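Order of listing sets the numbers, starting from 1, for every ligand and every atom in it. All residue numbers in this chain count up from 1 along the given sequence. What you are looking at is a predicted structure, and each value in this text was computed from that prediction instead of being measured.
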Amino acid sequence: MCGICGYIGKNNGIDEVVQGLNILEYRGYDSCGIAYLENKKLKTIKTVGGVNNLSNLSKSMSANIVIGHTRWATHGGVNERNAHPHISSSKKLAMVHNGIIENYKELKEQLDVNFCSETDSEVFLNLIDSEEGSLVEKVIKASKKVQGTFAVIVLAENGEVVLGKRESPLYLSNMNGEIFIASDVLALKGEYFYSLNDDEFVSIKDFKILFYNKNGEIIYKKQEKIEKNEVLPEIFYKTHMESEIYETKNVLLKTLKEYKCEDIFSNIKLPKNFRSISLIACGTAYHASLMGAEYFKEIGYDARAYLASEFRYGRELLNKNTLYIFVSQSGETADTIASAKMVKSHKLYTLALTNTPNSLLNRICKNVLPTFAGREIAVASTKAYTCQIWSLYLFSLYLAGKKLPSEKKFANFPFTTFDETYIKEIASYKKVFFIGRDLDYITAMEASLKLKEISYINCFAIASGELKHGTLALIDEDAVVIAICTQEKIKTKLISNLEEIKARGGKVIVVSQFDDFKDFSCVKLSKFDELFMPIVSVIPMQFLALRICEFFGYNPDKPRNLAKSVTVE
Ligand code: AGP
């Protein structure tokens, strides 16, 4: 969940690394820092807060070999001591680290070192420093003793740089003698890049790059092309989140076009005569999976969505007649990756539905179904969610042998924002509930996650039918209930629920395309196919979260305590 960056070349590496960290900042923004060589001594600049602070502190400084890090705190509080890069106690090595060293406490006890920070990373660094041999040998030896995940760049005072990784991504590119290293391809320069596999290592000395396997043997690695869409997207509105919501129509259309012109679906290897589909994901991608499961049930499959963080420990009977779909915007979410690896180890059919080409999940799974939402930078997932639902819907049409819809349909894509007059009012409530039935219950869950994620309001989603089984006890004049109704068959039942809420003093706001809710405050949706309404109805809910967040004066792109990619478990 942190970002790491490195530069070796003839230009000012401090500028290059700060630029790279700026791009990676969406992955972690508690604190950041750089390490560089000055007169053969390792120096660091660290700061709490964003890369802007680092940029100010490092202005007019210059170095040719630089490593940097933007942190999302796991071990130890947010302060300069815990910020990376760390320097080893001998002062000979500096290191940046993504991931978690699970056995750091045992290792710490074995090392005779005065630690400066509370981090697991500093323990790993000193373990490396305590090993014998060349720098790459030291890193390989230490990596065998650590349990957990890592992507590291180690810089030695003689200018040698060593990289290594396990589970956490790490890439490098070599552009005319300038070497760029980053934990995300987005922050690399050049046309081609190398992607490290687990337990692979790299040594860079005098611009010579050598790759090693875990036995310390030199290996050959092929370069891959950097995809055109691997650039930081422009923003046309105040924030990435707002720009990304407004991109919805275009990315749905792009996904449809790509699915039509390429043989994406027919290239997917499916189990013979399979009738069962399991979808595995976290957070918003889990909500998209719940929706996808409904689409697959609609065409006669036995489908179910699982939270990856539970599935990996669960007792689900894995079987060869099931298609396992792993849904992830980033393709690097730790629990989703662990679940995919677990299913793959049983040699079963896996499909990655991701928005990130070259992601770890794509490499693990047998098949890949890309979503074409383009880079999503805001921590709160919006266009990627609608695109995931859309892709799963289109895939269900393919499985059912039906034609994909015409692009013309999108000319009238209904786009509703949340009525601004309600924003201030909703923000004043102590309790916020989202309710719905059937597909709308899934939208309620997503709406609630979005609101709590960026506005920090304590809210939750309930299936309307469950209200009377407990939650109704919380309804009074301090509660606002936002009810979603896009499915004809549940209208009447929902109205009864709303009357019960009103009778207990709760405020009701209905989000619906139907005219049956005249007695309540309403956000009116345009009519579209029912199965497609989860996309239409979630957009105002995304706006609701965004506007309340802005009303409170928070930054929706960087909510507190969160980061875009959850690469730790
Ligand atoms: C969404 O708004 C969240 N930031 C989060 O729930 C996210 O969807 C989840 O972490 C899964 O991420 P992924 O799609 O990259 O796997």
### Task
Identify whether NZ of Lys or CZ of Arg in Lys225 sits under 6.0 Å from the centre of the six-membered ring of Tyr192 and within 45° of that ring's axis.
yes
### Task
Could you go through the salt bridge (Lys or Arg N to Asp or Glu O under 4.0 Å) check for Lys424 and Glu550 one step at a time?
CA-CA 11 Å; Lys424 217 168 144 186; Glu550 289 172 343; over 6 Å; no
Quick one: ligand 1 N/O to protein N/O pairs below 3.5 Å?
{"residue": "ligand 1", "atom": "2 (O)", "partner": "Thr284", "partner atom": "OG1", "Å": "3.4"}
{"residue": "ligand 1", "atom": "2 (O)", "partner": "Ser381", "partner atom": "N", "Å": "2.8"}
{"residue": "ligand 1", "atom": "2 (O)", "partner": "Lys450", "partner atom": "NZ", "Å": "2.9"}
{"residue": "ligand 1", "atom": "2 (O)", "partner": "Glu453", "partner atom": "OE1", "Å": "2.8"}
{"residue": "ligand 1", "atom": "2 (O)", "partner": "Glu453", "partner atom": "OE2", "Å": "3.1"}
{"residue": "ligand 1", "atom": "4 (N)", "partner": "Val379", "partner atom": "O", "Å": "2.8"}
{"residue": "ligand 1", "atom": "4 (N)", "partner": "Glu453", "partner atom": "OE2", "Å": "2.6"}
{"residue": "ligand 1", "atom": "6 (O)", "partner": "Thr284", "partner atom": "N", "Å": "3.2"}
{"residue": "ligand 1", "atom": "8 (O)", "partner": "Thr284", "partner atom": "N", "Å": "3.2"}
{"residue": "ligand 1", "atom": "12 (O)", "partner": "Thr333", "partner atom": "OG1", "Å": "3.4"}
{"residue": "ligand 1", "atom": "14 (O)", "partner": "Gln329", "partner atom": "N", "Å": "2.6"}
{"residue": "ligand 1", "atom": "15 (O)", "partner": "Ser328", "partner atom": "OG", "Å": "3.4"}
{"residue": "ligand 1", "atom": "15 (O)", "partner": "Ser330", "partner atom": "N", "Å": "2.9"}
{"residue": "ligand 1", "atom": "15 (O)", "partner": "Ser330", "partner atom": "OG", "Å": "2.6"}
{"residue": "ligand 1", "atom": "15 (O)", "partner": "Thr333", "partner atom": "OG1", "Å": "3.4"}
{"residue": "ligand 1", "atom": "16 (O)", "partner": "Ser328", "partner atom": "OG", "Å": "2.6"}
{"residue": "ligand 1", "atom": "16 (O)", "partner": "Thr333", "partner atom": "OG1", "Å": "2.4"}

### Query
Given Lys238 and Asp557, is the salt bridge (Lys or Arg N to Asp or Glu O under 4.0 Å) satisfied, shown in steps?
CA-CA 10 Å; Lys238 239 182 16 209; Asp557 290 344; over 6 Å; no
### Message
Here's a test for you: under side-chain contact (heavy atoms from CB on, under 4.5 Å), which of Val480, Asp419, Leu544 qualifies with Ile509?
### Response
Val480
### Query
Do Phe274 and Tyr349 have ring centroids that are under 6.0 Å from one another?
no
### Message
Under a 3.5 Å threshold, yes or no: a donor from one side chain and an acceptor from the other, between Tyr259 and Ser391?
### Response
yes
